[in-house]
Amino acid sequence: MIVEFYPLDVGYETNVDGKGAILLFGRTTTGQKICVFDTTYEPYFYVFAKHRDAMKHLKESIEALKIEQDHHISFVTKVEITKMRYMDKDVEVLKVYVPVQKDLDAIREEVRVLRDVGDVREGDLPIQKRYLVDKDIVPLALYKVEGEAFERSMHVDLCIMAESISLVDSEFLEKPKILAFDIEVYCQDKHFPIAEKDPVLMIALYSNYGFQKVLTWKKFSSELPVEFLEDESALLRRFEEILEQENPDYLVGYFSDGFDIPYLAARAKQNHLKMHLGDGFKVARRGEVSVGKIKGIIHLDIFKFIKQIMGGSLKLESYSLRNVVENLLEEKKYDIAIEEIGVVWDEQPEMLEQFCSYNLQDAKLALLLCEKVLPNMNELVRVTGQPLFEICRSSYSQLVEFYFMKRAREFKEIYPNKPNNQEVAWRRMHTYEGAFVYEPKPGLYEHLVVLDYRSLYPSLIVAKNITPSMLSEERKETYETPFIEEDGKKIKYFFSSKEEGFIPLIVKDLILRRNRIKELIKKEEKKNFVLEARSYSLKIIANATYGYFGFFGARWYSRECASSITAFGRQYIQDVIQKSEESGFQVVYSDTDSVMVVLGEKTKEDIFRFLKEVNEQLPSLMEVELEDFYSRGIFVTKKGEDKGAKKKYALISEKGDMKVVGFETIRRDWSFIAKEVQKKVLEMVLRGSKIEQALEYIQEVLTEVKNEQIPKEKMIIQTQLKKKISGYDLVGPHVMVAKRMRELGEDVGPGSVIKYIVTKGKGLVRDKARIPEEAEDYDPDYYIRNQVLPAVEKIFEVLGHNLKELESDKTQNRLQKFWNHG
DNA sequence: TGGTTCCACAT
DNA sequence: CAGTTTGGAACCA
């Protein structure tokens, strides 16, 4: 029979006969769930021979390999001598096939130590990941499978043994069935719930096709779509039953890899339940993090994607559901004291409805967030060819590597291996020089223009053919880097200009594809979210490519390439600085890929003419763009020095939008009061208020701080714990407070954001730091000296007012009082 | 006081 | 588990 279907996920299994099969889970065009089996695909890896003459003999010795381990005999099914490419050069290698994945590890290690073996490649890849790449199957596009249907209990409607699979249409599955869920759990005394002890009380489900429900196991009257179950066991069973009945394409949660799925798995175990659904809820370990797996349903943890991928551009203070929703959606999270749920459950079950509606709302929010970021994830599926399950949990480096691996196969490129521990250690130690930053002259400026290179690093990779394979010993027909300092010596790198490397080529594809999409966006009248998402996805992969070259875990790691990119970057930005000055524009500032100049007597037309001139001389896709015009800008000095501080300034655009960079205003580890005061003062300065006004304002605030009139919430300082409490050599205030929180039974570890207030008292700051709830007062002296004044001092200095000088100025004794301990 | 450690941010 | 540069607070010797 022939069936059209959208592949959604891929798996692999070996049956009792020791045969392996690839499983493609998907949805047919008629809405059925399907599992397509492909038993024709065999695991393989590549072997380089030390010398060409050794090829034939090596082939024979590999073919003869047999290893017995745990009553299983691993052997080699076939060895081919084949022509491939490695580092953009033709190579002849052995391609070694084995029956199933588990033979791969055993045979690979045995081959590695054979005489005449140069190196083994691609032996460390899970077979299901490379299947999609090798067969050029992109999840979510429409395919046609021809084969025999057969019976098997799989929790799918249809199983097919594939004879052939081919593309029908590259348009993606349009309306996937999405079911979002959220659980609420018993807890007592504000303690975080413990899976071995505290049962699951509610599970909410919210779909994009009308289905909504809350499951719970205590009765109360309710207007909501609540279903009451006998006990926790029945609740878990019913949840599973609903998943089977509803059979969604995606099951979506927020932080469900980290909480909901492991919790459900633990509760099922406590209740001695064997879940029907496939192998039940599985929590796989992937390095440090866990991943929730449910066979047959694609579980997406939307938190991971929002934090890891969207986080790059969102830059939120926290990725709690509440904060993310506030920034991305119209809808809000309900306000309710969720830690009370245990007490209410035990003592006032008639009040449980509010918790149900909170529960349902959270599930709804997970769904809305999923719908919001799905276009982004879909585009990454299209570009990398990996299923949503992977994309949703990927880091930037993985996205780049997926893309490289997919495209590499088109060029018949063999992948480099992952680094071993020793290599990783070496790479981590050897850093290189980064971008150029201009030292600004402190002051208040007017009529500024910012110019910047469009995608500087990706465009340099393309223009200079920067890739490990094109590093050349010869100087002729090459692109030559400026001098680079390495181990105290000045050297240059050369990249061949004779042929284009496959990496610069596929980076160029990303840039060109994105440019085409941007043209389409311009033509559209309404905002087209799908096109925006495509553009965004292409951009993040292109931009992460440079970082990937310098990343210690990368297959295509190359410090030479990473440091050449920054070296060219420094050269090209210096060029623009020099040309600006030659054309009569005073340069105020520059960082990495941007330059800020004073317009002065010149006109906007002069700037456009200058841009055109510069761009005419730039190679390849490189281009300088106009970022914006600003009416004012302020640059301040470094603390305790006369030099201008880098990466610290504030601008106001001609349209009136403020842009604050590097100031405490936008840093998490400063108190709200200091940030608020600084922001207001900056605004006054940039909008052209008189200095007296700003001075008056700051004096008012200082009086309030001194008289302890400021609510303590504004005094909270937040710092993130970057490692385990025990791992600190130097105990700062936030570590001290974290220790106290742990004493109180809170779960604080790496990543926890610690809030504290500095209270009155003697000794070090850490001895005076308290958890906000335990802080009885705040130390006005500390907040004036270490928070409020430092936040504004430098700004006033630029305006010619030294707050410290006011000390000796008797006419200004109001301020003096504050400076001298009050 | 200068040196070290730690954190957040810019790009 | 994308890179380096930078400023600045807090602690330590």
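Contact between the side-chain N/O atoms of A:Lys646 and the OP1/OP2 oxygens of C:dT6 is found at a separation under 4.0 Å. Contact between the side-chain N/O atoms of A:Arg667 and the OP1/OP2 oxygens of B:dC9 is not found at any separation under 4.0 Å. Contact annotation: A:Arg766 side-chain N/O to C:dC12 OP1/OP2 distance is under 4.0 Å. Remark: A:His734 is not in phosphate contact with B:dC6, judged by side-chain N or O atoms under 4.0 Å from OP1 or OP2. Distances shown here put every side-chain N or O of A:Lys643 at or beyond 4.0 Å from the OP1 or OP2 atom of C:dG7. Phosphate contact (OP1/OP2 of C:dA9, side-chain N/O of A:Lys639, threshold under 4.0 Å): present. Distances shown here put every side-chain N or O of A:Thr592 at or beyond 4.0 Å from the OP1 or OP2 atom of B:dT11. Taking side-chain N and O atoms only, A:Tyr649 has no distance below 4.0 Å to OP1 or OP2 of C:dT6. Side-chain N/O atoms of A:Tyr589 include none lying less than 4.0 angstrom from OP1 or OP2 on B:dA10.
Counting any heavy atom pair closer than 4.0 Å across all strands shown, A:Trp670 reaches sugar-phosphate atoms only and no base atom. Across all strands shown, A:Gly553 has no heavy atoms under 4.0 Å from either base or sugar-phosphate atoms. Across all strands, A:Ala562 comes closer than 4.0 Å to no nucleic acid atom at all (heavy-atom distances). Nucleic acid contact for A:Tyr457: none, since no nucleic acid atom lies under 4.0 Å from a heavy atom of the residue. A:Tyr782 comes within 4.0 angstrom of sugar-phosphate atoms only, judged by non-hydrogen atoms across all strands, and of no base. Among the heavy atoms of the strands lying under 4.0 Å from A:Val731 are primed sugar atoms or P, OP1, OP2 only; no base atom is included.
If you take CZ of A:Phe568 and P of B:dT11, they are 24 Å apart, rounded to a whole angstrom. Atom C1' of nucleotide C:dC1 and atom NZ of A:Lys418 are separated by 10 Å, given to the nearest angstrom. Atom OH in A:Tyr396 sits about 13 Å away from atom C1' in C:dC1, given to the nearest Å. The distance between atom CZ of A:Arg555 and atom C1' of C:dA2, rounded to the nearest whole Å, is 16 Å. The CD-P distance, from A:Glu433 to C:dT5, rounds to 6 Å in whole Å. For A:Asp669 and C:dT6, the CG to C1' distance is 14 Å, given to the nearest whole Å. One atom, CD of A:Glu439, and another, P of C:dG7, lie 8 Å apart when rounded to the nearest Å. B:dA10 atom P lies 13 Å from atom CZ of A:Arg668, rounded to whole Å.
The nucleotide whose nearest atom lies closest to any side-chain atom of A:Leu730 is, among B:dC9, B:dT4, C:dC1, B:dT4. When distances run from any side-chain atom of A:Ile666 to the nucleotides C:dA9, C:dT6, B:dA10, the shortest one goes to B:dA10. Here the nucleotide nearest the side chain of A:Phe552, chosen from C:dT6, B:dT5, C:dC1, is C:dC1. The A:Thr719 side chain lies nearest to B:dC7 when the options are B:dC7, C:dA2, B:dT4. When distances are taken from the side chain of A:Lys722 to each of C:dG8, C:dG3, B:dC7, the shortest belongs to B:dC7. Proximity note for A:Val765 (side chain, C-beta onward) versus C:dA2, C:dC11, C:dT5: the nearest is C:dC11. The listed nucleotides are C:dA2, B:dT11, C:dA9; the one nearest the side chain of A:Pro790 is C:dA9. For A:Tyr728, whose side chain is taken as the heavy atoms from C-beta onward, the closest listed nucleotide among C:dG3, B:dT11, B:dC6 is B:dC6.
Cation-pi contact between A:Lys646 and A:Tyr438: absent, since separation from the ring centre below 6.0 Å together with deviation from the ring axis within 45° is not met. Annotation: cation-pi pair A:Arg428/A:Phe552 present, NZ/CZ under 6.0 Å from the ring centroid and within 45° of its normal. The cationic group of A:Arg785 does not satisfy the cation-pi geometry with A:Tyr782, failing either the under 6.0 Å distance to the six-membered ring centre or the 45° limit from the ring axis.
Place A:Asn786 and A:Lys638 on DNA chain C by their nearest nucleotides, and A:Lys638 ends up nearer the 5' end.
In this structure, the side chains of A:Trp556 and A:Cys561 stay at 4.5 Å or more apart for every pair of heavy atoms.
Pair assignment for B:dC9 gives none, since no Watson-Crick or G-U wobble pairing has each distance under 3.5 Å.
If you look at A:Tyr649 and A:Phe635, their ring centroids are closer than 6.0 Å.
Remark: A:Glu423 engages A:Arg427 in a salt bridge, criterion side-chain N to carboxylate O under 4.0 Å. Here A:Asp777 does not pair with A:Lys712 in a salt bridge; the nearest charged N to carboxylate O distance is not below 4.0 Å.
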